Number of protein chains: 2
Amino acid sequence: MSLPHAILTALLEKPSSGLELTRRFDRSIGYFWSSTHQQIYRELGKLERSGQIRALPSAQPARGQKKEYEVLPAGREELAAWIALPEDPRPVRDPLLLRMRAAAVVGAEGLGAELRRHLALHRSQLEEYLRIEERDFPPERTADEDRLRHIVLRGGIDMETFWIGWLTRALADEPVLREGPAALDEPAPAEG
Amino acid sequence: MSLPHAILTALLEKPSSGLELTRRFDRSIGYFWSSTHQQIYRELGKLERSGQIRALPSAQPARGQKKEYEVLPAGREELAAWIALPEDPRPVRDPLLLRMRAAAVVGAEGLGAELRRHLALHRSQLEEYLRIEERDFPPERTADEDRLRHIVLRGGIDMETFWIGWLTRALADEPVLREGPAALDEPAPAEG
DNA sequence: GCGCATTGTGCAACAAGTTGCATAATGACG
DNA sequence: CGTCATTATGCAACTTGTTGCACAATGCGC
């Protein structure tokens with residue numbers, strides 16, 4: 001699985017404590033492999049026990065005390081090997097597409113509002129990616145790692161662009177999705 | 001979660017046994033919510049116990065004996081309610097993007113071959129979707145459910161198109177990904 | 001020095017998904 | 001009739017991911 005490799009990557013970029021990792025998983029790395037602090041702590045324990053990372057000597061092992069980790073050679077080798085490993089794209093599991101499919105049999109009541117909500121979310125995520133691109137990848141610099149990281153970011157950009165395009169098209173093409181904006185609390189027209 | 005709703009949708013489209021569902025989850029529904037027979041049998045049990053589906057009377061409850069299920073009113077209501085429920089897009093967890101990010105720190109050895117392999121897989125999936133589109137959605141017919149199902153299929157088409165575009169661009173733009181095709185068994189140049 | 005928010009680590013229980021295997025009926029082959 | 005492939009259902013154990021909470025240190029206001 002990928003979580004240990006996500007952690008190794010993050011630690012190679014910069015040795016960190018569990019909480020620092022958690023925060024970085026809420027931005028950067030986490031855009032492509034999200035995780036909670038729970039999983040991260042658990043996985044850090046496993047990686048330490050298997051000799052792929054170690055706590056920096058400076059850090060005491062007391063509870064509530066910061067503990068920084070760094071990657072050991074074994075961890076780096078594991079990560080490098082994993083990169084070349086054949087692994088098929090995971091089968092899609094998307095609740096929104098599924099809901100639309102369900103709407104085809106039981107009616108699309110309320111689905112249009114959800115689509116518009118998702119559209120807004122994807123637009124704002126796209127904006128964030130574009131801000132990051134502007135900040136971190138100005139046209140000139142082209143070190144190898146920078147280019148690879150830029151391509152990853154473009155993956156995010158392209159993905160959001162795909163969703164925005166699909167949602168927009170769906171809303172434009174499909175009359176049954178064009179209901180009012182979720183009509184909170186409004187009493188049912190006939191039985192009030 | 002979505003598996004029970006995926007099953008309800010499938011059963012509304014057509015009452016089925018566990019194995020039939022499993023097979024349909026390998027095509028159609030499964031393109032957007034994949035699942036194994038294990039999960040499906042387990043979930044069928046739960047749905048039956050909670051009164052959302054029932055076994056058709058004709059089917060005996062013996063092991064190794066086919067058992068067909070149909071959706072009860074409670075199940076249909078549950079499904080209709082779920083459609084309107086606000087649920088954010090799930091955070092992305094994509095191993096390929098992660099691997100590319102890892103490659104930025106430990107080297108892209110073997111990654112190019114993986115990208116090309118994925119590119120081929122996405123191309124073939126796209127072809128399949130286009131075949132289905134041609135077969136099931138000729139330009140004329142426009143019943144409501146048909147249009148919704150068509151939009152879902154277009155979701156798949158657009159998603160594959162996004163991947164193909166991103167992979168193609170990555171391979172074109174990034175020299176370090178342009179290695180030979182995986183160079184199996186070839187001894188290391190300097191230390192043979 | 002005491003209360004309190006913040007930072008930080010972690011356990012426990014649960015939910016969802018995967019893997020491997022067991023078991024039963026059924027029909028075809030010889 | 002016996003064996004064997006196929007269809008079909010299902011248990012058990014495991015891995016991965018989530019949720020809720022407990023507990024320890026640290027620094028700040030008073």
Side-chain angles (χ1 to χ4, degrees), chain A residues 1-8 10-11 15-26 29-30 32-50 53-56 58-69 82 87-95 98, chain B residues 1-8 10-11 15-26 29-30 32-50 53-56 58-69 82 87-95 98:
Chain A
M1 273 303 306
S2 307
L3 179 57
H5 303 109
I7 291 178
L8 289 172
L11 287 182
S16 309
S17 67
L19 192 60
E20 279 166 13
L21 280 177
T22 303
R23 289 194 176 129
R24 292 167 59 198
F25 269 75
D26 285 340
I29 288 266
F32 311 107
W33 197 273
S34 68
S35 191
T36 62
H37 78 280
Q38 274 313 326
Q39 265 192 290
I40 289 169
Y41 281 119
R42 207 194 299 174
E43 202 62 44
L44 282 171
K46 275 198 216 167
L47 286 168
E48 187 174 27
R49 262 172 272 136
S50 72
I53 65 175
R54 66 163 183 185
L56 288 182
S58 62
Q60 302 100 309
R63 189 170 185 148
Q65 204 89 343
K66 199 155 125 176
K67 207 158 96 189
E68 293 223 299
Y69 292 93
W82 174 70
E87 189 189 329
D88 285 355
R90 358 194 78 197
V92 176
R93 258 192 203 138
D94 188 275
L98 188 58
Chain B
M1 273 304 306
S2 306
L3 178 57
H5 304 110
I7 291 178
L8 288 173
L11 286 182
S16 307
S17 68
L19 192 60
E20 278 166 13
L21 280 177
T22 303
R23 288 194 178 128
R24 291 168 58 197
F25 269 75
D26 286 340
I29 288 266
F32 311 106
W33 198 273
S34 68
S35 191
T36 62
H37 79 279
Q38 274 313 327
Q39 266 190 289
I40 289 169
Y41 281 120
R42 208 194 300 174
E43 203 61 45
L44 282 172
K46 275 197 217 168
L47 287 169
E48 186 174 28
R49 261 172 275 136
S50 71
I53 65 174
R54 67 163 182 186
L56 288 182
S58 61
Q60 301 100 309
R63 189 169 185 146
Q65 205 90 341
K66 197 154 124 177
K67 206 158 96 189
E68 294 222 301
Y69 292 93
W82 173 71
E87 189 188 329
D88 285 355
R90 357 192 80 196
V92 176
R93 259 193 202 136
D94 188 275
L98 189 58

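Note that the structure is predicted; figures quoted are calculated from it, not measured. The analysis underlying the following values was restricted to heavy atoms, covering all of them including side chains, and did not include hydrogens, waters or symmetry mates.
Between B:Leu56 atom CG and D:dT9 atom P the separation is 12 Å, expressed in whole Å. Atom NZ of B:Lys66 is separated from atom C1' of C:dG27 by 15 Å (rounded to the nearest Å). Distance CG (A:Asp26) to P (C:dT7): 14 Å, rounded to an integer number of Å. Distance, B:Phe25 CZ to C:dT18 C1': 16 Å, rounded to whole Å. The CG-C1' distance, from A:Leu21 to C:dG10, rounds to 15 Å in whole Å. Summarising the geometry, the separation between CD1 on B:Ile40 and P on C:dT18 is reported as 11 Å, rounded to the nearest angstrom. For A:Gln38 and D:dA22, the CD to P distance is 14 Å, given to the nearest whole Å. Taking atom CD of A:Glu20 as the reference point, atom C1' of C:dG8 lies 10 Å away to the nearest angstrom.
Between D:dT9 and B:Tyr41, a contact under 4.0 Å exists linking OP1 or OP2 to a side-chain N or O. Between B:Lys67 and D:dG10 there is a side-chain N or O to OP1 or OP2 distance below 4.0 Å.
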Taking N or O atoms only and anything under 3.5 Å, show me the protein contacts with nucleotides 14-17 of chain D, one pair per line.
residue, atom, partner, partner atom, Å
D:dG17, OP2, A:Gln39, NE2, 2.8
D:dG17, O5', A:Gln39, NE2, 3.3
D:dG17, O3', B:Arg93, NH1, 3.3

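Note: B:Ser35 OG to B:Leu21 CG = 9.5 Å, rounded to the nearest 0.5 Å. Atoms CG and OG, on B:Leu8 and B:Ser2 in that order, are 11.5 Å from each other to the nearest 0.5 Å. Going from atom NE2 of B:His37 over to atom CG of B:Leu44 covers 12.0 Å, rounded to the nearest 0.5 Å. Separating the CZ atom in B:Arg24 from the OG1 atom in B:Thr22 is a distance of 10.5 Å, to the nearest 0.5 Å. The NZ atom of B:Lys67 sits 13.5 Å away from the CG atom of B:Leu19 when rounded to the nearest 0.5 Å.
Partners of B:Thr36 by side-chain contact (heavy atoms from CB on, under 4.5 Å), not counting sequence neighbours, listed by chain and number: B:Gln38, B:Gln39. Residues passing the ring-ring contact (aromatic ring centres under 6.0 Å, His included) test with A:Trp82, sequence neighbours excluded: A:His5. Evaluation of the side-chain hydrogen bond (donor to acceptor under 3.5 Å, both in side chains) rule for A:Arg54 yields A:Glu70 as partners, not counting sequence neighbours. In this structure A:Pro4 satisfies the side-chain contact (heavy atoms from CB on, under 4.5 Å) test together with A:Glu43, A:Leu47, sequence neighbours excluded.
No engagement by A:Thr22 is indicated, since no non-hydrogen atom pair under 4.0 Å with the nucleic acid exists. Counting non-hydrogen atoms under 4.0 angstrom, A:Ser17 reaches the backbone sugars and phosphates but no base.
For a distance-only test at 3.5 Å, the side chain of A:His37 fails to qualify as a donor-acceptor partner of the base of C:dG8.
Comparing B:Arg23 and B:Pro91 by the nucleotide of DNA chain D whose heavy atom lies nearest to each, the residue mapping closer to the 5' end is B:Arg23.
Direction of the helix axis in the helix from C:dG1-D:dC30 to C:dG30-D:dC1 shifts by 10° between the two five-pair termini, rounded to 10°.
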